[in-house]
Protein chains: 2
Amino acid sequence: MARKKRDEAAIDAAAAELMRYPRAAVAVDLVVFTIIDADLKVLLIRRGEPPFEGAWALPGGFVRVGPSHREQGEALDDAARRELNEETGLPPGSVYLEQLYTFGESERDPRARVISIAYYALVRPTLAPLVRAGGDAQHAGWCSISEAKSRSLAFDHAKILDTALSRIRGKIDYSNIAFELVPDTFSIPELRAVHEVIKGTSYDPGNFRRRFKRMLTDGIIAPAPGKRITGTKPAKVYRFQGR
Amino acid sequence: MARKKRDEAAIDAAAAELMRYPRAAVAVDLVVFTIIDADLKVLLIRRGEPPFEGAWALPGGFVRVGPSHREQGEALDDAARRELNEETGLPPGSVYLEQLYTFGESERDPRARVISIAYYALVRPTLAPLVRAGGDAQHAGWCSISEAKSRSLAFDHAKILDTALSRIRGKIDYSNIAFELVPDTFSIPELRAVHEVIKGTSYDPGNFRRRFKRMLTDGIIAPAPGKRITGTKPAKVYRFQGR
DNA sequence: CCAAAAGTGTTAACAGTACACCCATGG
DNA sequence: CCATGGGTGTACTGTTAACACTTTTGG
């Protein structure tokens, strides 16, 4: 159809026009959290090349952009999932992943104008030991938050980490993200530990229990078989039903 | 110093390496809200060229990316502020602006791989009439939300609009964004109208008043001189103290 | 039996809800 | 004086917070 052909031509012309302007590299950076030894940890890698060679950084990488307007490359979410899998070896789908914020100051990367779309991920503690980050344990690993903050991270990664921390601290109160940081079956005290570690406060065991017992009647969590042996009175375990 | 020189050279090499990969165009799109006639409005412009010629779209534009790694161009927030000023003519600083979400699916723009960082803005109703969008009233204007949804917007702008609506609907409950949609001095019923229009529900006048009277004792709002004449009993006006 | 943590009960304060009612104004 | 919406009072309900208490385990 002539109309369609004309539109195609117009788009080709517009595409060519667009190409005349400078473009930016697009990256995804990942703030991957887990809980180990009742402590919130973040995954860091040690940079092997300049800039910031030898410094610690958040895992991440460039989004695959196609060579033309007909072949545009992968979606941002797909890039984040791919990087997450490459850096942790964890099966995709086993980890909670959500877009966090986009960082695009100029000069944030000395090599080029790089726009970084940051994501955060929550890894269940049962999966955390399986992470052989980048295949090289010496150059990557779980790092406590205080430790991460004392190391001066590459680029603006300290700011990204802070943004991620604020996000999960805010969101844990009104969402179900806490369930992403416990095993598939969990006891109420385990869930409470997650809240305490993230918020940095302690909760009354009785009141906390009641708060989550409501979820039982609402069908958000359900009793699961088995108990959690803790050295004292064993705790009942539950399973998260949402998703 | 030799060390510094070597680092510079390494960065230049890395920059050259980066340039070999395809890059993406980076845009900012704006969801500009205001309230007119007790109705939530969004600013739309009519596209003058392909693709989606003649369709309605959110205002926005490309981020200025510098030509080299030494000259990287403007920050994302600055680009958003600049576009906002260009499209509305409103003085920067008079409008609340916040990053919303980044949309980067492939094929979302047929011309090229375009990553769009969406922002939302809240314009006080007193400023809304001053907006001569793009200088051409025929090709831009305030549009009610239902109307905007019935028009099929260009690109993925319908999705961006939905995301912005969810954001402000969620955020109005626990933040002070409602104060950005009333004049500098406002009455409690005016503030209630803002909440009602955004949430789509109605609030009990007495209960709503009490809820915001608490802000008075907390110092978040303060009495302001003058009254609001409404045809019935005049209402006291207040001023928002935060910021 | 003792320590320690799971789990239950009780109470007071507070915030949200529904609704009755009074007050100031324009017509 | 009446309709209308601003503004106040009140009783009820549900949620939160503090804390005493009972239960079940390992040592």
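Any value given below was found using the heavy atoms of this structure, including those in side chains, with hydrogens, waters and symmetry copies removed.
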Please state how far atom [atom1] in [X] lies from atom [atom2] in [N], giving the value in whole angstrom units.
{"X": "B:Ile229", "N": "C:dG26", "atom1": "CD1", "atom2": "C1'", "result": "11 Å"}
{"X": "B:Ile188", "N": "D:dG5", "atom1": "CD1", "atom2": "P", "result": "18 Å"}
{"X": "A:Asp173", "N": "D:dT16", "atom1": "CG", "atom2": "P", "result": "11 Å"}
{"X": "A:Arg192", "N": "C:dA4", "atom1": "CZ", "atom2": "C1'", "result": "12 Å"}
{"X": "B:Lys233", "N": "C:dG27", "atom1": "NZ", "atom2": "P", "result": "18 Å"}
{"X": "B:Arg209", "N": "C:dT17", "atom1": "CZ", "atom2": "P", "result": "17 Å"}
{"X": "B:Leu216", "N": "D:dT8", "atom1": "CG", "atom2": "P", "result": "11 Å"}
{"X": "A:Tyr203", "N": "C:dA6", "atom1": "OH", "atom2": "P", "result": "17 Å"}

Next on the checklist: Could you check whether any side-chain N or O of A:Thr88 sits under 3.5 Å from a backbone N or O of A:Val131, counting only pairs where one atom can act as donor and the other as acceptor?
Outcome noted: no
Checklist entry - Can any side-chain N or O of A:Arg108 pair as donor or acceptor with the backbone N or O of A:Val114 at less than 3.5 Å? => result yes
Next on the checklist: Side-chain N or O of A:Arg228 versus OP1/OP2 of C:dA5: is the shortest distance under 4.0 Å?
Outcome noted: no
Assert yes or no for the condition that the ring centre distance of [X] to [Y] is strictly below 6.0 Å.
{"X": "B:Phe186", "Y": "B:Phe179", "result": "yes"}
{"X": "A:Tyr101", "Y": "A:Phe103", "result": "yes"}
{"X": "B:Tyr238", "Y": "B:Phe212", "result": "no"}

Checklist entry - How would you label the contact of B:Lys213 with the nucleic acid (heavy atoms, under 4.0 Å): base, sugar-phosphate, or nothing? => result sugar-phosphate
Next on the checklist: Within the 4.0 Å heavy-atom criterion, would you say A:Arg211 contacts the bases, only the backbone, or no part of the nucleic acid?
Outcome noted: nothing
Checklist outcome for this item: Assert: residue with more 5' nearest nucleotide on DNA chain C, out of A:Asp204 and A:Thr232, is A:Thr232
Please pick, from [options], the nucleotide with the shortest atom-to-atom distance to any side-chain atom of [X].
{"X": "A:Arg214", "options": "D:dT15, C:dC19, C:dA6", "value": "D:dT15"}
{"X": "B:Pro189", "options": "C:dC19, C:dA5, D:dG7", "value": "D:dG7"}
{"X": "A:Asn207", "options": "C:dA6, C:dT25, D:dC19", "value": "D:dC19"}

Next on the checklist: Determine whether a donor-acceptor pair (one donor, one acceptor, N or O, separation below 3.5 Å) exists between the side chain of B:Arg210 and the base of D:dG7.
Outcome noted: no
